[in-house]
Number of protein chains: 2
Amino acid sequence: MIKLSKKIEYGILALQYIAVHSDKIVSAKEISEQMGIPYEFLSKTLQQLMKKGLIVSQHGIKGGYVLGKNAADVTVKDIIIALEGKASFLDCFVSSDGLICERSPNCTIKDPMEKLQSKVMQVFNNTTIAEIATT
Amino acid sequence: MIKLSKKIEYGILALQYIAVHSDKIVSAKEISEQMGIPYEFLSKTLQQLMKKGLIVSQHGIKGGYVLGKNAADVTVKDIIIALEGKASFLDCFVSSDGLICERSPNCTIKDPMEKLQSKVMQVFNNTTIAEIATT
DNA sequence: TTAAAATCGGATTACAATAGTCGGATTTAA
DNA sequence: TTAAATCCGACTATTGTAATCCGATTTTAA
Ligand code: FES
Ligand code: FES
């Protein structure tokens, strides 16, 4: 299905929460409770976002997370890539890893599908956490 | 993952093939062989498209499929809905079935996400089989 | 110095969706 | 009457998602 995964959903909710409460450090526990997200799963998601630099972590008691970059510079596409590694519609369109579809040489839908994909990615790339946090 | 399912991929490939060969009736077997799609799975997919009127079937020997409507009037969104029932990003955004997300009453991402979704759906709705078949 | 509260991270499990298969019934042209 | 096709339900296999478990490490503060 053309559906955003729970992980993406949680990631957006968390980033939005962190952006809204940018005056303090927020813990995974706080986000989990306030947003109704399973704690362990959320922790994993936050750790991934941290590794990609979207948020910065503070260890130890009184620790938690703050944004790693300006909310206006974090797009939904960034979040998807941070949490799922890539954002592409068809496996054969991921040119980076050496995947070659058996239809590839003379595929009849490749070009139009790539166009479609790039249009959708533009949409994802034009929606930022700042927008989501203020709307 | 934000990925089109094989079923959608096969559906697009098949519809495009049928559109290109609109001078004749094409069988599931022909599409299967020409496009490299598992026959049984493709058959199921074609039957679904038939039920939704995107293609018309002809029983018996010398049977097969032709388009059920003008190729310019069949969008990628139509195909997704025909094969997966709906096209939506988050379960809580499917207002038709009575799903209510526990965050729903005062959800902080609902509005911006709905906007995002409608933009993406516009893209899907602006790409037709006619375009895919001729590009 | 010690305890508490937090992040970190690997491994594992449970569940759901996708992808594909099988067997048989029905239709239709030759 | 036979062959080639659609039709249809049930089934299986595989993958991906979602969630959990357990322990280690870091840091603050009493
Ligand atoms: S290249 Fe794989 S379907 Fe076109
Ligand atoms: S209504 Fe479900 S996440 Fe917003």
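Using a distance-only test at 3.5 Å, with no hydrogens or angles considered, no donor-acceptor pair links the side chain of B:Gln58 to the main chain of B:Ile25. For the pair A:Asn125 (side chain) and A:Gln122 (backbone), a donor-acceptor distance under 3.5 Å is absent. Panel note: side chain A:Ser32, backbone A:Ala28; no donor-acceptor pair is recorded below 3.5 Å.
The separation between B:Lys6 atom NZ and D:dG16 atom P is 11 Å, rounded to whole Å. Rounded to whole angstrom, the span from the CG atom of A:Leu42 across to the P atom of C:dG9 amounts to 16 Å. Taking atom CD on B:Glu84 and atom P on C:dA16, their separation rounds to 18 Å, with Å as the unit. In this structure, A:Ile61 atom CD1 and D:dT25 atom P are separated by 19 Å, rounded to whole Å. Separating the OH atom of B:Tyr65 from the C1' atom of D:dA5 is a distance of 9 Å, rounded to the nearest angstrom. Rounded to whole angstrom, the span from the CD atom of A:Glu30 across to the P atom of C:dA6 amounts to 10 Å. In this entry the distance linking CD of B:Glu40 with C1' of D:dG9 reads 13 Å, nearest Å. Regarding B:Leu46, its CG atom lies at a distance of 8 Å from the P atom of D:dT6, rounded to whole Å.
Within residues 48-58 of chain B, the residues approaching DNA chain C are B:Gln58, by heavy-atom distance under 4.0 Å.
Taking OG1 of B:Thr127 as the start and CG of A:Leu116 as the end, the distance is 4.5 Å to the nearest 0.5 Å. Interatomic distance, A:Leu4 CG to B:Gln117 CD, rounded to the nearest 0.5 Å: 8.5 Å.
If you check every strand for non-hydrogen atoms under 4.0 Å, A:Lys44 touches a base. Using a 4.0 Å heavy-atom criterion, one finds that A:Tyr10 contacts the sugar-phosphate atoms exclusively.
The side chain of A:Gln47 sits closest to C:dC8 out of D:dA5, C:dT7, C:dC8. Here C:dA6 is the nucleotide among D:dT6, C:dC8, C:dA6 with the atom lying nearest to any side-chain atom of A:Ser27. Closest approach to the A:Lys62 side chain among D:dT28, D:dT6, D:dT20 is made by D:dT28 (side chain taken as heavy atoms from C-beta onward). Closest to the B:Phe41 side chain, of the nucleotides C:dC8, C:dG20, C:dA29, is C:dG20.
The residue among A:Leu4 and A:Gly60 whose nearest nucleotide of DNA chain D is located toward the 5' end is A:Leu4. Positionally, the nearest nucleotide of DNA chain C for A:His59 lies more toward the 5' end than for the other of A:His59 and A:Lys3.
Between A:Phe124 and A:Thr75, the shortest heavy-atom distance links the atoms O-CB, 3.8 Å.
The phosphate of D:dA18 has neither OP1 nor OP2 within less than 4.0 Å of any side-chain N or O from A:Tyr39.
Evaluation of the side-chain hydrogen bond (donor to acceptor under 3.5 Å, both in side chains) rule for A:Asn70 yields no partner, not counting sequence neighbours.
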